[in-house]
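Since we're looking at a predicted model, the values are computed, not measured. Here is how names work: the chains are called A, B, and so on, in the same order as the sequence lines, proteins then strands, and each is numbered from 1.
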Amino acid sequence: MSETPEPSRYEPAEAEPRVFERWDAAGVLTTAAADPDQPDAETFSIAIPPPNVTGALHMGHALNGSIQDALIRLNRMRGKRVRWTIGTDHAGIATQTKVEQALVEEGTSREQVGREAFLERTQSWRQQYGGTIIGQFRRLGCSGDYAHERFTMDEGYVQAVLKTFVALYEQGLIYRDTYLVNWDPGSQSAISDLEVEDREETDTLFEIAYPLKDPVEGLTEVVVATVRPETMLGDVAVAVNPQDERFAKLIGSTVVLPFVGRELPIIGDDYVKTDFGTGCLKITPAHDPNDFEIGNRHDFEPINVIGEDGRITGGFAPQFEGLSTAEARTAIVEALRANGALRGEEPYVHTVPFSQRSGERIEPLISLQWFMKMDQLAQPAIDVVRDGRVRIHPASQQKRYLDWLGEIRPWVLSRQLWWGHQIPVWYRNDEVYCGTEAPEGEGWERDPDVLDTWFSSALWPFATLGWPEQTQDLQDFYPTAVLSTARDILFLWVARMVMMGLRFADDVPFKDVYCHSVIQAPDGRRMSKSLGTGIDPLALIDGGPRPEVFAKKNKNGKLQDPGEFPAYGADAVRFGLLAMSSTQDVRFSEEKIAQGKQLVTKLSNAVRFAAGRLEGLGLEQTVAGVTAETLPTRLEDRWIVSRTEQIARETAARIDEFDFAKAALGLYDFVYGELCDWYLELVKGRDAQTDPDLGRVLAWALRRTLQIAHPVIPFVTEDAWARIPGTDGLLATSRLPEPDDRLIDPAAETGLARVIDLITAVRSWRSGANVPPGPILPSRLVADGYDDEARALATPLARITLTDDAGDAVTVPVPGGQIEILAGEHVDPEAERARREKRRGEIEQQIAGTEKRLANEKFVSRAPADVIAAERAKVEALREELAAL
RNA sequence: GGGCGCGUAGCUCAGUUGGUUAGAGCAUCCGGUUUACACCCGGAAGGUCGUCCGUUCGAGUCGGACCGCGCCCACCA
């Protein structure tokens, strides 16, 4: 019998999944088919930075998802065909490490299960986490194209990788070479420069004597300084600076390497600092990047003494053979000490390379690897940014990009891993074959290594659209519009996409790169699981434990028990993340999320209010809307039309310019500060049943507001959209009207601003004079610029009634004059004397200050005329107010 | 060592091309309301804009130095 009552409060936990279902059922989450009638319709596409399939999403993904979805939704409502490619990255080392850990916990290992079984295991891991990640994007409300989900190792993608590798090989840009690489003993693989991070370490700087073969001018030895004595077995020379008076004379002489007996020439090289260490540098090309360079300059063959297992090798000193580098260091130092060759040791703080992946100390060593030559690829990537075909925001990141590309070095492509794209090269004795398929014939063996993950990521914008096939998708959606990303992968990923896009897809991969904030924990540290500073976005959306660093403070500034996050809902989380974002790093602020929740509730309530007013009205009222031809006549109606039109433009422009914080906060200000606090309050006295404009203006203003808020808070707006009587269809696919200048009404804006000022002045006076807000006070309005309509609008909210009655009164200044509130039960002019005197003092001070400025000849002669005029007008106004007091 | 950025109310942040009374949200304080909303409404208080020097009629805004903090890049053993 009874209808289900509308829930008294909007509940995101209930509404959001329901709304998402509607989008899904209506096909919003799949790229719309091309309209045959509009074959040239504009398109707008984004390729999501594919998250690693190593775990769940974090705050950065949630922020980036909110950003991209805002852009996608805005452009969808503009009538463009949008494509937001969703997908995940296989993330070579990262994923392999996780799976290996899991195997170890099960008491087995990668080696024990073998390559094939390991890959199967990793595939199922990927299925599981990939699914989780996609589910999280859906929960956040991301309107991506889930039907075309991609993975960097799916079938089509493999073809793209093979094709690009083979092409680059044939063009001579990919080559195999023996070179010094960053060896990560943890993952047992070479890694690129970008995967290395420097950490400060305290080591010991040892000084070691190398005897001269033949004494020179009484010298019998040189003393070298090193923090890595274990590498000395691979020394090929000792270098001194040719300008160094102490040692220049030794250049050309020979020293004998302890333990090994190798004769090492003393060479001169400018690289050696005369004021550091001992001034003598041992040269170990196989295990130090500097020494490698110096060795090359002087034509020395590197001598490998540390193997890929991190143990001493080479057989130069049997007593150390097979020791780990750490053991070897101890043993060598002890042996040197014993035979008196250790001349000094002191603590030494310096930066040391570590693997970002395994956390182990990098072992530089000579290794046979695949490399990619970068300079030819880099130049076009530099050019397109220089000439603006790719715009990087903010501009400071553009400088980083250009600087890095300007000094680019070869890229180590091969990884000694199993999880990834296996290198498409086969060997048979001295023969090498590179191709997309195995060569004909017997005896070929495929290179066991895989490619750096970022090689496949670099193809993402076009490989996800079907390349190397010339698909319709590729034609329609490449280049993509925007790449939104954290700036820490600007080199690792962004620059490489530009290079590969230009090389293989004949165009830039995206027109704009937006580098968003990194969200830090409230204490300024990185958000990270291991530090306990991370938050699962779902814990904010659906409620969950609040980590300790996010505990709120009580009045005394002490931390409270962290407790749980309330279920803020996806809209609130999106709003909050966008509101706190900027072009630089920001601290996470739960208050901003809470602010989003308030906006969501407020909007929902406003729509309930409007729906109540619109109940029972015909379509000519509820859907007629407002156009330039049908502008309403009343002041507050013209005002809200003008303001709504304005905020709609501003918000869209801010999203277009990637100023998401201003877009979000601007919406909040509008909804609270204009729509609800003023417009809805101003129209409460009107009856939509008899008032010809109210219904259509109210419905129009709310629909426009919901539309423009939709990119930021899609769920509540979609839900509310359906609750406005007369609504048809989904908000998500509704069409944004073109901006129309004729809806902007400056006269209405200033006229209503006066009304607001008047009401605010009276309220403020009341509060200060301890007059209760309720009673209606008879008052005289002695001011210019208030017509009958303005007066009628102001009086109910100011809770005054206008009269011409004479009598004692309290004077309150308002724009254009004053309002005189008659003495009465609540109003005692005598009690106002002190307030009046205080105000008089303030005004006099201001007049004095301004007049002093105007008396300053330099000011009057040099300041622009309008500034001076404004000053004069100010004095005038202040004098008027003073006279009225 | 080089580069970039930050320091504004108790907290998190806005502050256009310099224009004279520096804003918002949250928190605080005061006062209300129960047919849109207590996840509410109205009002108030709160800042020597990190420090110093300079440019200017005028500096939160421009320049310099310094202090504090963060990030990125870098091959001093």
A correct 5'-to-3' footprint of nucleotides 72-77 of chain B, with B, S and - meaning base, sugar-phosphate only and no protein heavy atom under 4.0 Å, is SS-BBB
Its contact letters, B for base, S for sugar-phosphate only and - for none at protein heavy atoms under 4.0 Å, make nucleotides 41-49 of chain B read SSSS-----
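Listed by first then second residue, pairs satisfying salt bridge (Lys or Arg N to Asp or Glu O under 4.0 Å) with a partner in residues 266-275 of chain A read Asp269(A)-Arg297(A), not counting sequence neighbours. Residue pairs meeting the ring pair (Phe, Tyr, Trp, His ring centres under 6.0 Å) criterion with at least one member in residues 570-610 of chain A, sequence neighbours excluded: Phe550(A)-Phe588(A). Sequence neighbours left out, the pairs with a member in residues 864-873 of chain A that pass side chain to side chain donor-acceptor pair (under 3.5 Å) are Arg853(A)-Glu871(A). Applying the side chain to side chain donor-acceptor pair (under 3.5 Å) rule to pairs touching residues 761-771 of chain A yields Trp765(A)-Glu832(A), sequence neighbours excluded.
Taking atom CG on Leu599(A) and atom P on C40(B), their separation rounds to 12 Å, with Å as the unit. Following rounding to the nearest Å, Glu871(A) (CD) and U21(B) (C1') show an atom-to-atom distance of 11 Å. Per the geometry, CZ belonging to Phe609(A) stands 14 Å off C1' belonging to C40(B), to the nearest Å. Here the C1' atom of nucleotide C69(B) and the CD atom of Gln520(A) are 11 Å apart, to the nearest Å. In this structure, CZ of Phe575(A) is placed 11 Å from C1' of A24(B), rounded to the nearest angstrom. If you measure from atom NE2 of His826(A) to atom P of G31(B), you get 16 Å, rounded to the nearest angstrom. Rounded to whole Å, the distance from CG on Leu854(A) to C1' on G58(B) is 13 Å. Protein atom CZ of Arg608(A) is 18 Å distant from nucleotide atom P of U34(B), rounded to whole Å.
Annotation: ring pair (Phe, Tyr, Trp, His ring centres under 6.0 Å) contacts of Tyr271(A) (sequence neighbours excluded): none. Partners of Phe670(A) under the ring pair (Phe, Tyr, Trp, His ring centres under 6.0 Å) rule, at least two apart in sequence or in another chain, do not exist in this structure. The side chain to side chain donor-acceptor pair (under 3.5 Å) search around Arg654(A) returns none, not counting sequence neighbours. Among residues two or more places apart in sequence or in another chain, the ring pair (Phe, Tyr, Trp, His ring centres under 6.0 Å) test is passed with Tyr679(A) by none.
Judged purely by distance below 3.5 Å, without hydrogens or angles, the side chains of Ser517(A) and Asp585(A) never pair a donor atom with an acceptor atom.
Taking only side-chain nitrogens and oxygens, Gln598(A) comes nearer than 4.0 Å to OP1 or OP2 of C40(B).
Within the 4.5 Å cutoff, the side chain of Leu675(A) has heavy atoms near those of the Leu702(A) side chain. Side chains of Leu336(A) and Met232(A) form a contact here, defined as non-hydrogen atoms less than 4.5 Å apart.
The two residues Gly673(A) and Asp677(A) come nearest to each other via the heavy atoms CA-OD2, 4.0 Å.
Atom P of U28(B) sits at a distance of 24 Å from the matching atom of A14(B), rounded to the whole Å. Between C13(B) and G7(B), the distance separating the two C1' atoms is 13 Å to the nearest Å. For the C1' atoms, the distance linking A24(B) with G70(B) amounts to 25 Å, nearest Å. With both ends at atom C1', the span from G42(B) to U12(B) equals 25 Å, rounded to whole Å. Of the P atoms belonging to C30(B) and U35(B), the separation is 26 Å, rounded to the nearest Å. Separating the P atom of C49(B) from that of G23(B) is a span of 14 Å, rounded to the nearest Å. The P atoms of U16(B) and C6(B) are separated by 12 Å, rounded to the nearest whole Å. For the C1' atoms, the distance from U56(B) to G63(B) is 12 Å, rounded to whole Å.
Phe658(A) and Phe660(A) have tilted rings, their planes meeting at an angle from 30° to 60° on a 0 to 90° scale.
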Annotated structure of RNA chain B as dot-bracket, pair cut-off 3.5 Å, Watson-Crick or G-U only, | for inter-strand, is (((((((..((((.....[...)))).(((((.......))))).....(((((..]....))))))))))))....
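Side-chain atoms of Phe859(A) lie closest to G19(B) of the nucleotides G31(B), G3(B), G19(B).
Contacts of Pro864(A) with the nucleic acid, taken as non-hydrogen atoms under 4.0 Å apart, include base atoms. Contacts of Lys874(A) with the nucleic acid, taken as non-hydrogen atoms under 4.0 Å apart, involve only primed sugar atoms and P, OP1 or OP2. Contact annotation for Arg766(A): no contact, since no heavy-atom pair falls under 4.0 Å across all strands.
Among Thr231(A), Asp291(A), Asp288(A), the one residue that satisfies the side chain to side chain donor-acceptor pair (under 3.5 Å) test with Lys282(A) is Thr231(A).
Of the two residues near RNA chain B, Gln397(A) and Asn856(A), the one whose nearest nucleotide lies more 5' is Gln397(A).
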For nucleotides 12-14 of chain B, list the nitrogen or oxygen atoms of the protein found under 3.5 Å from its nitrogen or oxygen atoms, one pair per line.
| residue | atom | partner | partner atom | Å |
| --- | --- | --- | --- | --- |
| C13(B) | OP1 | Arg587(A) | N | 3.0 |

